[in-house]
Amino acid sequence: MHQDKYFKGQTGDAPFHRCQVSDFERVPCGDTGIDGADCEAINCCFDQAQCFYAKEVTVQCLRDGQFVVVVASETTVPRLSLDSVSLLEGGDVAPCRPVGTTPAFVIFQFPVSACGTTMREEGGYVVYENELSSSYEVASGPLGSITRDSVHDFRPLGHLCPISPVRPNRMQPAE
C-alpha cells in the first residue's frame, strides 16, 4: 500500500510518531486477537495488546468490495477540523458520509464503486482512487485574514486492493 508522505502531521520542531495515539483516542483496527505482523500488514499500529489506527490517513480494502478510510485530526498541523472532512462526491448522503467519528478520527466506509471512486489499470494492477476535502475558516480583520483551521490539499487516495488473510474491522454505521 502506498501512503502519501504529505499526510504526515509533522513539524520542524518535534519528531512525528504515527503510533503515539492516547489510549482514550484509539480506534481499533483488525479482528480481535490480531497479532503485530498482521496488524502492521494492514497499516495499523500494535502495542503488544491492541491493534489501532495511526495518526495519518489510512486506506484499507474489505473483502466485500468496500473501502475503509480513517482520517486522523493530526494529519496536518494545525489539526484538521474533522467535521469538515468529506468525500468530494456524495459527501452528504449514505454511503458517502462518515460512519463514525471520535475527537481524534473520522471514519468512512463505502463501496469501491461509490462516492466518486474511479478505477484504472496500471502495470497489471487495478488502482482505485477517490478524493477527500477539508474546508477551513477564514476570518477577515483590519490587518488581513486569519485561518483557524488547517488548509489541506488531499491528493487523490490511490490504493491497490490486495487480497490478504487479514481483514480490517468492518465499521458499524453511526447512529
Side-chain angles (χ1 to χ4, degrees), residues 1-32 34 36 38-62 66-89 91-92 95-110 112 115-117 128-137 147-161 164 166-174:
M1 183 177 124
H2 170 73
Q3 278 287 312
D4 192 329
K5 301 235 184 280
Y6 291 102
F7 288 124
K8 305 297 185 211
Q10 47 193 20
T11 68
D13 300 334
F16 176 74
H17 300 286
R18 67 185 278 279
C19 292
Q20 284 186 340
V21 180
S22 302
D23 289 346
F24 67 92
E25 290 183 326
R26 291 182 178 178
V27 173
C29 179
D31 290 326
T32 304
I34 190 171
D38 286 342
C39 179
E40 290 176 14
I42 57 174
N43 204 34
C44 288
C45 300
F46 192 75
D47 70 355
Q48 305 305 319
Q50 181 185 19
C51 183
F52 56 94
Y53 287 99
K55 294 190 292 188
E56 60 190 8
V57 176
T58 304
V59 180
Q60 299 169 323
C61 299
L62 300 180
Q66 302 238 353
F67 276 128
V68 173
V69 178
V70 180
V71 181
S73 63
E74 291 188 27
T75 297
T76 61
V77 176
R79 290 179 177 211
L80 282 172
S81 174
L82 293 177
D83 60 349
S84 75
V85 177
S86 65
L87 292 161
L88 283 181
E89 190 172 307
D92 295 350
C96 305
R97 64 177 165 247
V99 295
T101 57
T102 71
F105 294 93
V106 62
I107 304 149
F108 297 89
Q109 181 175 331
F110 56 95
V112 297
C115 307
T117 303
Y128 296 94
E129 291 183 327
N130 204 315
E131 294 185 31
L132 293 170
S133 66
S134 173
S135 62
Y136 58 94
E137 181 181 328
T147 59
R148 298 252 183 245
D149 294 321
S150 182
V151 178
H152 191 66
D153 175 20
F154 284 104
R155 295 171 182 261
L157 297 172
H159 191 69
L160 296 173
C161 288
S164 167
V166 178
R167 68 178 174 83
N169 273 342
R170 183 171 178 84
M171 300 297 174
Q172 297 302 315

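Computation of the quantities below employed the complete heavy-atom set of this structure, encompassing side-chain atoms and omitting hydrogens, waters and symmetry-equivalent molecules.
S73 is linked by a side chain to side chain donor-acceptor pair (under 3.5 Å) to nothing, counting only residues two or more places apart in sequence or in another chain. Not counting sequence neighbours, the partners of E25 by the side chain to side chain contact (heavy atoms under 4.5 Å, CB included) test are V21, S22, R79, A104. In terms of the ring pair (Phe, Tyr, Trp, His ring centres under 6.0 Å) criterion, residue partners of F110 (sequence neighbours excluded) are, by chain and number, F67. For R26, the salt bridge (Lys or Arg N to Asp or Glu O under 4.0 Å) partners are D23, D47, not counting sequence neighbours.
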* Which is it for N130 and V59 under the side chain to side chain contact (heavy atoms under 4.5 Å, CB included) test, yes or no, and what are the steps along the way? -> CA-CA 10 Å; N130 204 315; V59 180; over 6 Å; no

* To do: Check step by step if side chain to side chain contact (heavy atoms under 4.5 Å, CB included) holds for L82 and T101.
  => CA-CA 8 Å; L82 293 177; T101 57; 5.9 Å; no

* Verdict with supporting geometry, T58 and V69, side chain to side chain contact (heavy atoms under 4.5 Å, CB included) -> CA-CA 6 Å; T58 304; V69 178; over 6 Å; no

* **C44/C39 under disulfide (SG to SG under 2.5 Å): CA gap, chis, key distance, verdict** => CA-CA 5 Å; C44 288; C39 179; 5.1 Å; no

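A distance of 5.5 Å separates CZ in F52 from SG in C19, rounded to the nearest 0.5 Å.
Heavy atoms only, all atoms of each residue included: A54 and C45 are closest at CB-SG, 3.5 Å. Across every non-hydrogen atom of L80 and S134, the tightest pair is CD2-OG, 3.4 Å. Between C115 and L87, the shortest heavy-atom distance links the atoms CB-CD1, 3.8 Å. Residue F105 comes nearest to V27 through the heavy atom pair CD1-CG2, 3.6 Å, listed as atom of the first residue, atom of the second, then distance. The minimum heavy-atom distance between H17 and K55, with the atom names listed, is O-CE, 3.4 Å. The two residues Q60 and C29 come nearest to each other via the heavy atoms NE2-SG, 3.4 Å.
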